[in-house]
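First up is the structure itself, then whatever we jot down about it.
Heads up: numbering here begins at 1 and tracks the sequence.
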Amino acid sequence: MQGEWEDSSDTVEGRHIHRRVDKPGGKLPTAAELAKPKAAADEGETMEKIHARSITLSSSRLGLIARLDLLEGEGLRVTPVDYKRGKRPHVPHGAYDPERVQLCVQGMILAEHGYQCEGGVLYFAASRERVNVPFTDELRQLTRKAIDGLRFVAAGGTIPAPLEDSPKCPHCSLVGICLPDEISFFRGADIASRPLVVGLDSSLPVYVQAFHAKVAKAGECLEIFIDDDKVQTVRLIDCSQLAVFGNVYVTTPALNELMSRGITISWHSHGGWFLGHTIGTGHKNIELRRAQFRAADDHGFCLRLAKGLIDAKIRNARTLLRRNWKTGEAPAELLEAMSGDTRRLTRAPDLETLLGIEGSAAARYFGNFSNLIKNTGEEEGFTFDFKTRTRRPPTDPVNAMLSYAYALLVRTWVVTLSAVGLDPYLGFYHQPRYGRPALALDLMEPFRPLIADSTVIQAINNGEVRPTDFVQAGGSVNLTNDGRKRFIGTFERRMALEITHPLFGYRVSYRRLLELQARLLARHLLGELPEYPNFTPR
């Protein structure tokens, strides 16, 4: 109903099994054409044989469209054949009700078009068995009930309640979208969340930042050229996003293919400033965006959500200081002061007061950020000494990396929110401003310490980025091309890092965690969850 889809090994295998019947073949004469030779058939002539594949028929009365895998018959008497990937289940009626209902819909649409259809066939490819399904009055009644139920759900615009502990859920390709166990957990169900979110990312972002680079499509691959020399080939199935920096040319065939596959292209300045993104037709869930716009006009809702986000941000910053302090342990006075900030924000009467509390906590945090960085000797006039946070422009290597990491993180959030169906430019804490992805900035607040700041600390302390990877001009400091390349690698490794979710107990990467949080926010906006659950690791 909301136009969302996710592939799994089962759906890919199912398409492979359907590859023959999905190719249109044969001819299906209209019922009027088949009725003409009836008199001749009564005199002993054979009736016309029908064997047609991938037939699409619609019914205005039922309000449905059916795509028939295979249609067999003789004259007006036809039988739809529906292909299934698995083995025949040993259950009453020879198949489960959803498969029988799906087949009965095809029969009802065929009957509306004037054909005689008294039953259908389910073909199970794994066991190579055919199961006859007669269209009894009981099955027709069940089918009409299912149609009415689907129409009621579509008209209501509200997602049905999730199944509780269903054995079908872990095998469903949409389980990472539906989140049945997670939603049930927040509703108070006494069940343990199963590891539904896949930990392994099958595709990853592709970054292109070389000057005068070109991205072109060749078959099932993207080819990257620099000055007409091919330097890299990436399979499209391995690409989750295309991020281009600076003067990079993407050909029209490549753009068309990426948009048709739902792969986002994000555009950045040469220095990393996020400019925008290109997607296909976008998400079709208008009900979610309507709920988002209604909530954004509710000042009480905005304040409650903002308090939770900033509380999580301060807690995560405190955790980062406590875990990464280089000389002994983090001062107890500092940790207590940051805990006091979280207590004060609960009493904030408006967003302006909340902004002041956030600023005080940030001053404490960045005032001690240098204690998380290893001491390095001077080299080429640069050191990783950090005194205070400066943004526009960054005046030292640490600030340059922080700004670059935040740009990468906000781009990731914009893409994630767009994929879920939310408008990344309408926020609740960051107020709307032309060209500012306010919602992305909102949701990235708790993840600044966990992802962006941690990436900077790792890049410095592990020697992945060196003082020679920076260039200074006009009082500002920026990463060189090689430095950006290494820093992007550090950032993506951080995004791929798996952690144990403090509430659900399963392992999940930060990349998947951002999508999980975006979907939980969507459920909160639609009224399915009473509160938005912020992420604060133990």
Side-chain angles (χ1 to χ4, degrees), residues 204-215 222-234 239 241-250 265-277 366 369-370 372-412 448 451-496:
L204 295 171
V206 175
Y207 291 82
V208 182
Q209 62 168 345
F211 187 67
H212 280 176
K214 182 180 78 171
V215 181
L222 291 178
E223 294 182 340
I224 302 170
F225 298 82
I226 300 178
D227 295 330
D228 296 327
D229 295 326
K230 186 168 69 174
V231 296
Q232 187 72 306
T233 299
V234 181
C239 176
Q241 302 171 28
L242 175 64
V244 297
F245 295 77
N247 190 13
V248 177
Y249 168 51
V250 183
I265 307 102
S266 59
W267 308 89
H268 303 252
S269 68
H270 186 69
W273 187 259
F274 178 65
L275 301 175
H277 65 290
F366 284 115
F369 193 76
S370 59
L372 312 182
I373 301 173
K374 287 183 179 178
N375 293 325
T376 57
E378 292 191 3
E379 183 179 348
E380 300 293 332
F382 281 125
T383 63
F384 287 121
D385 292 334
F386 179 84
K387 295 182 175 60
T388 186
R389 177 77 177 110
T390 57
R391 299 190 301 161
R392 298 174 184 172
T395 56
D396 60 81
V398 178
N399 273 297
M401 284 188 288
L402 285 171
S403 294
Y404 197 71
Y406 294 150
L408 295 177
L409 185 57
V410 74
R411 183 264 306 167
T412 304
R448 287 179 186 262
I451 297 177
D453 300 350
S454 295
T455 298
V456 173
I457 294 171
Q458 180 181 343
I460 297 173
N461 294 348
N462 293 350
E464 298 176 36
V465 175
R466 299 178 291 275
T468 52
D469 290 323
F470 297 87
V471 59
Q472 185 174 17
S476 66
V477 176
N478 286 296
L479 284 156
T480 63
N481 287 341
D482 289 340
R484 276 195 297 269
K485 184 177 180 180
R486 281 194 289 272
F487 188 78
I488 287 172
T490 307
F491 178 84
E492 287 300 325
R493 283 195 299 276
R494 184 68 182 175
M495 292 293 294

Value rounded to 0.5 Å, distance of [atom1] in [X] from [atom2] in [Y]:
| X | Y | atom1 | atom2 | value |
| --- | --- | --- | --- | --- |
| T455 | L408 | OG1 | CG | 8.5 Å |
| T233 | I224 | OG1 | CD1 | 8.0 Å |
| L372 | I460 | CG | CD1 | 10.0 Å |
| R466 | T480 | CZ | OG1 | 9.5 Å |

[X] side chain near [Y] side chain, heavy-atom distance below 4.5 Å:
| X | Y | answer |
| --- | --- | --- |
| D453 | Y406 | yes |
| V248 | W267 | no |
| F211 | I226 | no |
| Q232 | V206 | no |
| R484 | Y207 | no |

Shortest non-hydrogen separation from V465 to G483 and the atoms involved =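 Heavy-atom minimum between the residues: CG2-O, 4.3 Å.
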request  = Check side chain to side chain contact (heavy atoms under 4.5 Å, CB included) between Y249 and all other residues, then give those that pass, not counting sequence neighbours.
outcome  =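 Applying side chain to side chain contact (heavy atoms under 4.5 Å, CB included) to Y249 gives K214, T251.
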request  = For N462, enumerate each residue passing the side chain to side chain contact (heavy atoms under 4.5 Å, CB included) test, keeping only those at least two apart in sequence or located in another chain.
outcome  =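 In terms of side chain to side chain contact (heavy atoms under 4.5 Å, CB included), with neighbours along the sequence ignored, N462 is linked to Q458, E464.
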task = Might you work through the side-chain contact (heavy atoms from CB on, under 4.5 Å) test for Q209 and H268, ending with a clear yes or no?
result = CA-CA 9 Å; Q209 62 168 345; H268 303 252; over 6 Å; no
key: Which residues share a salt bridge (charged side-chain N to carboxylate O under 4.0 Å, His left out) with K485, sequence neighbours left out   =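 Per chain and number, K485 pairs via salt bridge (charged side-chain N to carboxylate O under 4.0 Å, His left out) with no residue.
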query = Should I488 and Y404 be marked as a side-chain contact (heavy atoms from CB on, under 4.5 Å) after you check the CA-CA gap, both sets of side-chain angles, and the distance that decides it?
reply = CA-CA 9 Å; I488 287 172; Y404 197 71; 3.6 Å; yes
Derivation and outcome, side-chain contact (heavy atoms from CB on, under 4.5 Å), residues I457 and F369 = CA-CA 9 Å; I457 294 171; F369 193 76; 3.9 Å; yes
inquiry  = Assess the residue pair V456 and F487 against the criterion (side-chain contact (heavy atoms from CB on, under 4.5 Å)); give the C-alpha distance rounded to whole Å, side-chain angles, the decisive distance to 0.1 Å, and a yes or no.
reply    = CA-CA 8 Å; V456 173; F487 188 78; 3.9 Å; yes
